Amino acid sequence: MKNSYAVVDLETTNSNWHDNGRIIQFGCALIENGEITHIYDQKINPKVPIPGRITALTGLSDDDVKDSPTFEEVAPDIFKLLKNRVFIAHNVNFDLTFLNRELKRIGMNQLNVKAIDTVELSQILFPTISSYKLQDLTHYLSITHKNPHSANSDAHVTAELFLIILKRIQQLPIPTLQMLAKFGKNTIRETNLVFKTILEEREKNSRSSVLPAYLYEKNGLILRKKDFHVSEKIDHTTKYPQTREAKKSY
């Protein structure tokens, strides 16, 4: 994946931008050539009070951000950082939408970038787990998450989650990738870009189109071959006790 990614997380005074919601922390992890190369952490003075429930969640109070720059002051640098990168977030429709509304509020252009949602990717790649909250996913995948609900920490672990997802997708058989790319047209924003890009890379390598010996294709599905028939492994020479007394003494 040769794209340059910016994995973003925002902490805000309110989840509803229309209800005087403002950004209080911007976190961003850059991914270049499959590696996390830089972590950004910027506290922001929202110029409105931070509710107690947000302080309890994020650990950020009015005192913590009173000497921080306002969004108007840091917005040009944030825009420059993100404008030529693929935007990734855990629930991307919140972070990108909130950020763009704040840019519009101060009279700046909004970000017109491709965007990928790690919640939806996780739902596709890990369909049997019970929760897709970031904390639950990091626990499930044994990703160290030291400061949940801190924007820089959340951005960092989301980047690690994304890299794990990439590796999982890269290991899928090409017919499975083709199916995901086909049905992924209805994914959130450009989330399907992940499947399409990896598929294109894999198809360039003719060797990767050959199924491993332990897999086979049936009706468009890729299945694992049975290693043996269970009946062939049963020891028919052993006599199983028939009565309760015999079973107790067996």
Side-chain angles (χ1 to χ4, degrees), residues 1-18 21-47 58 60 65 68-122 134 150-163 165-166 169 181 184-201:
M1 297 287 288
K2 296 179 181 179
N3 287 313
S4 177
Y5 301 99
V7 186
V8 173
D9 185 80
L10 304 177
E11 300 301 338
T12 64
T13 60
N14 194 306
S15 60
N16 188 348
W17 181 84
H18 293 288
R22 296 288 183 267
I23 298 171
I24 57 175
Q25 188 182 22
F26 169 83
C28 179
L30 298 186
I31 298 177
E32 308 282 352
N33 299 318
E35 293 185 357
I36 299 171
T37 58
H38 199 91
I39 307 294
Y40 291 88
D41 178 22
Q42 178 62 65
K43 292 182 178 64
I44 298 171
N45 186 339
K47 293 296 185 180
T58 66
L60 293 175
V65 300
S68 299
T70 63
F71 183 73
E72 287 86 343
E73 292 173 304
V74 299
D77 288 335
I78 291 176
F79 187 90
K80 183 178 179 180
L81 178 68
L82 302 178
K83 68 176 182 177
N84 293 321
R85 293 183 165 93
V86 178
F87 189 106
I88 298 175
H90 203 67
N91 188 8
V92 73
N93 276 342
F94 170 77
D95 293 277
L96 183 53
T97 301
F98 202 107
L99 186 56
N100 270 335
R101 286 174 174 171
E102 280 289 83
L103 289 170
K104 183 179 180 181
R105 177 179 66 84
I106 65 172
M108 285 185 61
N109 291 331
Q110 297 184 57
L111 286 163
N112 182 19
V113 293
K114 294 178 180 177
I116 292 171
D117 184 38
T118 53
V119 173
E120 192 165 50
L121 285 176
S122 298
L134 188 57
S150 176
N152 60 324
S153 179
D154 284 358
H156 191 175
V157 298
T158 301
E160 292 189 50
L161 169 64
F162 180 67
L163 291 177
I165 289 172
L166 283 188
I169 298 173
K185 294 177 181 178
N186 295 321
T187 53
I188 295 172
R189 294 185 183 261
E190 290 76 35
T191 299
N192 193 40
L193 176 68
V194 178
F195 302 117
K196 291 173 63 177
T197 304
I198 292 178
L199 175 61
E200 290 171 2
E201 292 176 354

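Nothing here was measured: the structure is a model prediction, and the numbers come from that model.
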> If you look at every heavy atom in Thr187 and Glu120, which pair is closest and at what distance?
CB-OE1, 3.2 Å
> Indicate the atoms forming the closest heavy-atom contact of Leu163 with Gly34, along with that distance.
CD2-O, 3.7 Å
> Which residues pass the side chain to side chain donor-acceptor pair (under 3.5 Å) test with Asn152, sequence neighbours left out?
Ser150
> Check each of Thr12, Asp41, Thr58, Asp9 against Gln25 using the side chain to side chain donor-acceptor pair (under 3.5 Å) test, and report the only one that passes.
Asp41
> Within the 3.5 Å criterion, strictly below it, is a donor on Thr118 or His90 matched to an acceptor on the partner's side chain?
yes
> Please report the shortest heavy-atom distance between Leu82 and Ala6, naming the atom on each side.
CD2-CB, 3.5 Å
> May I ask you to check whether Tyr40 and Phe26 place their ring centres under 6.0 Å from each other?
no
> Quick one: closest heavy-atom pair of Arg22 and Pro46, and the distance?
CB-CB, 3.6 Å
> For Glu72, give me all partners under salt bridge (charged side-chain N to carboxylate O under 4.0 Å, His left out), at least two apart in sequence or on another chain.
Arg105
> Taking the side chain as every heavy atom from C-beta outward, state whether Val8 and Ile88 have any atom pair closer than 4.5 Å.
no
> Work out which heavy atom in Asn14 is nearest to a heavy atom in Phe98; give both atom names and the distance.
O-CE1, 3.4 Å
> Could you give the distance from NZ (Lys83) to CG (Leu111), rounded to the nearest 0.5 Å?
10.0 Å
> Run the side chain to side chain donor-acceptor pair (under 3.5 Å) test against Glu73 and tell me which residues pass, sequence neighbours left out.
Thr70
> Taking Ile31 as the fixed residue, which of Val86, Ile36, Leu166 is the one that meets the side chain to side chain contact (heavy atoms under 4.5 Å, CB included) rule?
Ile36
> Rounded at 0.5 Å granularity, tell me how far CE in Met108 sits from CZ in Phe71.
7.0 Å
> Report the distance from atom CG of Leu10 to atom CD of Glu102, rounding to the nearest 0.5 Å.
9.0 Å
> Once rounded to the nearest 0.5 Å, what's the spacing between atom CD1 of Ile24 and atom CG of Asn45?
10.5 Å
> Tell me the closest heavy-atom pair linking Ala89 and Asp95, and the distance in Å.
CB-OD2, 3.6 Å
> Out of curiosity, His156 NE2 to Thr158 OG1, how far, rounded to the nearest 0.5 Å?
10.0 Å
> Tell me, with the steps shown, if Arg85 and Glu32 meet salt bridge (charged side-chain N to carboxylate O under 4.0 Å, His left out).
CA-CA 10 Å; Arg85 293 183 165 93; Glu32 308 282 352; 3.3 Å; yes
> Does Glu190 pair with Lys196 as a salt bridge, N-O distance under 4.0 Å?
no
> With rounding to the nearest 0.5 Å, note down the distance linking CG in Leu199 to CD1 in Ile169.
11.0 Å
